[in-house]
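Start at 1 and go down the list; that is how both ligands and their atoms are numbered.
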Amino acid sequence: MSTPDLAEPIRTHLMFLLVAGATCYFGGNGFGADVMRPLGLRDVRVGGEIGRRIEVTITNNLLVLDADRDFLPPFKAKSADTGYIGLGKLIDATVKFAAYSGDPRVDALRRHLVAETIQAQEADGYIGLLAAPHRVRGMWDVHEMGYLIFALLTDYQYFGEERSLTAARRAADYLVQRWPTLPADWCVGTDVAPHVAVTGLERTMLALNRQTGDGAYLDFTLKTRQLPEWALPIVVGRRQGIEGHVYAYTARCLAQLELHRMQPNPRLLRQTERALDFMLQHDGLHITGGTGQCEIWTDDQDGRGDLGETCATAYQLRVYDSLLRLNGDARMGDLIERTLFNALFAAQSPDGRRLRYFGPTEGPRAYWPTDTYCCPCNYRRIVAELPAMVFYRTAAGLAVNLYTPAEAKLAVGKDVALRVRQETDYPNTGRVRLWLDPARPVKFPLQLRIPLWARGATVTVNGKAAAGTVRVGAFFVVTREWKSGDEVTLDLPMAWRLVKGRQRQAGRVALMRGPQVFCLNPAQNPVLAKLDGTELGYLAIDPASLGTPVPSDVVRPGGLACKVSFWKPGFGLGNKADYELTLTEFPDPDGKATYFRLRDFSVAAEDELLAGRDR
Ligand SMILES: [Zn+2]
């Protein structure tokens, strides 16, 4: 039996976070402030669409881009006065893909990029692309350096490369030592506010402090950068300084959350609370999981053009993952999968080669013309991190967050080796089967995320119904002595949902099933050739026509589409619908409409992610 749990506001989640995060830190469970821990990238294998995206990002994107032509030369020349490439982000992604895949081609690229970067480092520690007079203060130099330091540290952490750690420290020391030479009004009143210009830097310095124990990096973060004091309201609109920059904002939230793990303080959760509140309570989040327009916070739900910067999408995912680890709130997992299957995967061509800066829900979508710059590089990084968002270790057991074919190894109970295998065709159906293979019988809690949309979900263990009530929006816990060969089956009902639009989309609905949003691609529907793009959103959908999804390879092999009847733009007057159209999965590169009219709005549902909205 499933019990809808739609009334509890997200604020309750945050109150829990404020209290429990700090309390658990002192609980001595070996997890610091966290109730969940990710598995290592080498301990997980992922299949399904998530695994396919990892594979095509490696094979058709990372391994075919030309780093020697497009990424490395500016770092050797060091002659620019401004600019951005994204070399650090590329290295960070390559290191993680190399660790996950074990692919010698990826490892060769990793070694090449790291060696060339270290070779380009100046005697004083500088790594970057600017000429001497412009270093540090020139636009994006600190941003580029911060990610290069982070990437070299990642290389040390995954591959034990001492020279990478040394190079990272030298570059970080260079920045810390020269920071006092920056004018007090650096970036103030320019097109880019100071906190945006240094995006990512605080997290880098915290990581370096944790790795080395050197207090200088922590001091820099706490005192020089004043990370704990950061308390910028949500700024809506593209104002001077692009203060309301979603990527910069969420990256800082993430740094504060990581500092909270080191030095628990409720104040460090408030900016994240602000961001979540704006996204979930005040129309900041689009139905795809994307946020903002033209890189900044917006709340008008305009679906056209520059919607949802890919960098922001990547950092939203990290913030959700960070909160899931801190408090085990299953709704963060719902946000992760909504964002993955829609906003994130729509930022990439189905074959993996091309990447996007933005992902609109209305009108044409554009690919970014180069392999460099922020969004392509942040896309690769977050895809490389996805394997760590499938399973999590808990204090004594295992939590399953994402449903996708996967295998993992970890220790449960008092250090008993466990192998777990997940088989599913999710999101085509909601049937998930897990096989557990502990080295010896061992009692531990197995947690399964029950999405908010999955009313009526059931869980069986070795064919028998599991004891307890299956609640949506929570983890269902089965605690028992597990033996090798035990099988758990989860069934998540996949009903169609007509989800109400808000603000500019008010009065219309989007079609969802499980975590997926569906969209209308006119090229798949020749009957629409006479309509212009602006009319697509005025088609009226016939809910009675929704049936079983049909196969479609437009987005992924073995993917889905749905046949739906529509009335022509307006409300249509006939009893019989005018068109039978095919809607495809949202990452369809030629999708051009997502919201449609509905004759009888009483069948529309609220977006379950916004449950408990207080207005
Ligand atoms: Zn970007």
Trainee: To the nearest 10 degrees, how large is the angle at the Zn ion (ligand 1) between Cys374 SG and Cys375 SG?
Mentor: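 With the Zn ion (ligand 1) as the vertex, the angle is close to 120°.
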Trainee: With under 30° as parallel and over 60° as perpendicular, where do the rings of Tyr247 and Tyr315 fit, or are they tilted in between?
Mentor: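 Rings of Tyr247 and Tyr315: tilted, as their planes differ by 30° to 60°.
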Trainee: Do you know which N/O/S atom name in Glu309 is closest to the Zn ion (ligand 1)?
Mentor: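 Looking at Glu309, the N, O or S atom with the least distance to the Zn ion (ligand 1) is OE2.
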Trainee: Is Glu49 paired with Arg52 through a side-chain N to carboxylate O contact shorter than 4.0 Å?
Mentor: yes
Trainee: When you measure from the Zn ion (ligand 1) to the N, O or S atoms of Glu295, does any of those distances fall below 2.8 Å?
Mentor: no
Trainee: Using a 4.5 Å cut-off on heavy atoms from C-beta on, say whether the side chain of Asp107 contacts that of Phe159.
Mentor: yes
Trainee: So does Arg325 pair up with Asp321, basic N to acidic O under 4.0 Å?
Mentor: yes
